[in-house]
Amino acid sequence: MTSRKQERLPLASLLALATAAFITILTEALPAGLLPQMAQGLAVSEAWVGQTVTFYYAIGSLVAAIPLTAATQGMRRRPLLLSALAGFAIANTVTTFSGSYLLTMVARFLAGVSAGLLWALLAGYAARMVPDDQKGRAIAIAMVGTPLALSLGVPAGTFLGHLVGWRMCFGLMSALALLLMLWVRVQVPDFAGQPAGKRLSLGAVFTISGVRPVLFVVLAFVLAHNILYTYIAPFLAAAGMVERTDVILLVFGVASLLGIWIIGVLIDRHLRTLTLTSTLLFGLSALALGVAGDMPVVVYTAVAVWGLAFGGAATLFQTAIAKTAGEAADVAQSMLVTAWNLAIAGGGILGGLLLDSLGVAAFSPTLLVLLTATLIVVWAARQQGFRAMPS
């Protein structure tokens, strides 16, 4: 009976981390559904508020993740997590009451800084709560707030915003952050930071065997994803399916939820196999879209396979780098966060260049090149990074 209790996952603590991920994604993505109201409230154009609300958040996350995580290696983990959540509470409160565009952008930057720190903390925090053979499942639970925020939170927040106004939505997120801080304080265990003698520099973490292959895979895989995801509407327009964009994205979202569930169940024993399988499935869907992207049944099937492959990708990569970096997991995670955000930005830039110069027909070959490189690196990293299970 005792051994069973020891093996049981600390669900209350892990779900608190999942809620933190939910708040992070919702804070980032909610303005997309409330742009007209926000633009009117801040007396600027929709295009201006849309671009800069996202830009300042992304910049805050990019510039903060690595240096802030490195600088706080010695801090106890729970106070650091509470500080990141406090950043969201403050940023969303300022957004709620601000009538100034400039002040709102400062709040968005603060939210981005908090996000950069929190994303670097979550996977390592979840991994420290459980034995080695449950780390992947723990990270999967901590990450489940991300697809839930995208598939349910953003549409619900947008609907609520039309009922009670955009300011009330941000106010409710502030209240949720404060409640979560209480939950974390009561339920989530605290862990010591790293002693001065055990802290590794950024350069030392980067040279740990296996870290660089994981970072390369993140860049290539997420870049491939964002080229297609960012420009899914023009891709569907070329196929005569642009009016079905919302349904296509729903199919992708539902398949992603299924993907993260499958990954959560199997990851601790099959990390390498799942990463190879996800890459192959994504490659097959890219090939199908390139060969028969004008056939609705092929498009729906390929998007579902793509969503299945992508749903658990963040969990796979974060688990791989956490196991590879060991005690330096938080710093390594901050590098992963930066690589992920660079891939998001790169997907928008490279996808736009391809669309303007060669059209959507160039998407499939580009994705296949990136995913082939991903497959080769994962296959080669069988000793460190994406380690094969002992037979």
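Of the inter-residue distances, the one linking Phe221 atom CZ with Trp340 atom CH2 reads 8.0 Å to the nearest 0.5 angstrom. Note that the CD1 atom of Ile59 and the CG atom of Asn341 stand 9.5 Å from one another [nearest 0.5 Å]. Interatomic distance, OG1 of Thr72 versus CG of Leu80, reported as 4.5 Å (0.5 Å rounding). Taking CZ of Arg137 as the start and CG of Leu266 as the end, the distance is 8.5 Å to the nearest 0.5 Å. Residue Ile66 holds its CD1 atom at 13.0 Å from CG of Leu117, rounded to the nearest 0.5 Å. To the nearest 0.5 angstrom, Leu81 atom CG is 6.5 Å from Leu121 atom CG.
Hydrophobic clustering (side-chain heavy atoms under 4.5 Å, transitive across Ile, Leu, Val, Met, Phe, Trp, Tyr) groups Ile232 together with Leu355. Cluster annotation: Leu258 and Leu249 are assigned to the same hydrophobic cluster (Ile/Leu/Val/Met/Phe/Trp/Tyr, side-chain heavy-atom contacts under 4.5 Å, transitive). No continuous path of ILVMFWY side-chain contacts below 4.5 Å connects Leu62 to Leu350, so the two sit in separate hydrophobic clusters. Leu276 and Leu367 fall within a single hydrophobic cluster, where Ile, Leu, Val, Met, Phe, Trp and Tyr side chains are chained together by heavy-atom contacts under 4.5 Å. One hydrophobic cluster holds both Leu271 and Leu215 under the rule that ILVMFWY side chains link at heavy-atom gaps under 4.5 Å.
Residue pairs meeting the salt bridge (Lys or Arg N to Asp or Glu O under 4.0 Å) criterion with at least one member in residues 111-135, sequence neighbours excluded: Asp132-Lys135. Each ring-ring contact (aromatic ring centres under 6.0 Å, His included) pair with one or both residues in residues 120-157, not counting sequence neighbours, appears once here: Tyr125-Phe191.
For Arg185, the CZ atom counts as loosely surrounded, since its 6.0 Å shell holds 12 or fewer non-hydrogen atoms of other residues, nucleotides or ligands. Within a 6.0 Å sphere centred on CH2 of Trp261, other residues, nucleotides and ligands contribute 12 heavy atoms or fewer. The 12-atom threshold is exceeded at CE of Met75, counting heavy atoms of other residues, nucleotides or ligands nearer than 6.0 Å.
Side-chain contact check for Ser100 versus Met105: every heavy-atom pair is 4.5 Å or farther apart. Side-chain contact check for Trp183 versus Thr19: some heavy-atom pair is nearer than 4.5 Å.
The side chain to side chain donor-acceptor pair (under 3.5 Å) test applied to Arg77 returns Asp330, not counting sequence neighbours.
Scanning both residues, Thr96 and Ser174, for their nearest heavy atoms gives OG1-OG, 4.5 Å. Heavy atoms only, all atoms of each residue included: Ile260 and Val144 are closest at CD1-CA, 4.1 Å. Smallest separation of non-hydrogen atoms from Leu26 and Ala149: N-CB, 4.2 Å. The shortest heavy-atom contact between Ala325 and Ala332 is CB-CB, 3.5 Å. A pairwise comparison of heavy atoms in Trp119 and Ala21 identifies CH2-CB, 3.8 Å as the closest pair. Between Thr366 and Ala362, the shortest heavy-atom distance links the atoms OG1-O, 2.8 Å.
Exactly one of Phe235, Phe363, Phe252 qualifies for a ring-ring contact (aromatic ring centres under 6.0 Å, His included) with Tyr229. That residue is Phe252. Met173 pairs in a side chain to side chain contact (heavy atoms under 4.5 Å, CB included) with only one of the listed residues (Leu178, Thr27, Ile23, Thr95), which is Thr27.
Formation of a donor-acceptor pair under 3.5 Å by the Asn92 side chain with backbone atoms of Gly171 is not found in this model. No donor-acceptor distance shorter than 3.5 angstrom exists from the side chain of Ser364 to the backbone of Leu289, with no hydrogens or angles considered. In terms of modelled atom types and a separation under 3.5 Å, the side chain of Arg387 and the main chain of Gln383 share a donor-acceptor contact. With hydrogens and angles ignored, the 3.5 Å screen pairs a side-chain donor or acceptor of Asp190 with a backbone N or O of Arg78. Judged by distance alone, the side chain of Ser285 and the main-chain N or O of Phe282 form a donor-acceptor pair under 3.5 Å. Looking at Ser61, its side chain never comes within 3.5 Å of a backbone N or O of Tyr57 through a donor-acceptor pair.
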Might you work through the side-chain contact (heavy atoms from CB on, under 4.5 Å) test for Met335 and Val205, ending with a clear yes or no? CA-CA 9 Å; Met335 293 178 176; Val205 175; 4.1 Å; yes
Is there a side-chain contact (heavy atoms from CB on, under 4.5 Å) between Met181 and Phe88? Walk through the geometry before answering. CA-CA 11 Å; Met181 289 176 70; Phe88 283 112; over 6 Å; no
Please walk me through it: do Val360 and Leu236 pass side-chain contact (heavy atoms from CB on, under 4.5 Å)? CA-CA 9 Å; Val360 296; Leu236 293 174; over 6 Å; no
TODO: List the steps, then state whether side-chain contact (heavy atoms from CB on, under 4.5 Å) holds for Gln384 with Val211.
DONE: CA-CA 8 Å; Gln384 297 291 339; Val211 166; over 6 Å; no
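Side-chain contacts under 4.5 Å among hydrophobic residues (ILVMFWY), followed directly or transitively, place Ile90 together with Val94, Leu103, Leu110.
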Hey, can you pull the donor-acceptor pairs under 3.5 Å for the side chains in residues 299-323, sequence neighbours left out?
{"from": "Thr301", "atom 1": "OG1", "to": "Val297", "atom 2": "O", "distance (Å)": "2.8"}
{"from": "Trp306", "atom 1": "NE1", "to": "His225", "atom 2": "ND1", "distance (Å)": "3.2"}
{"from": "Thr319", "atom 1": "OG1", "to": "Thr315", "atom 2": "O", "distance (Å)": "2.7"}

Result block: side-chain N/O donor-acceptor pairs under 3.5 angstrom for residues 36-44, not counting sequence neighbours:
{"from": "Gln37", "atom 1": "OE1", "to": "Trp166", "atom 2": "N", "distance (Å)": "3.2"}
{"from": "Gln37", "atom 1": "NE2", "to": "Gly161", "atom 2": "O", "distance (Å)": "3.4"}
{"from": "Gln37", "atom 1": "NE2", "to": "His162", "atom 2": "ND1", "distance (Å)": "3.2"}

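Between the side chains of Thr279 and Thr374, no donor-acceptor pair of N or O atoms lies under 3.5 Å.
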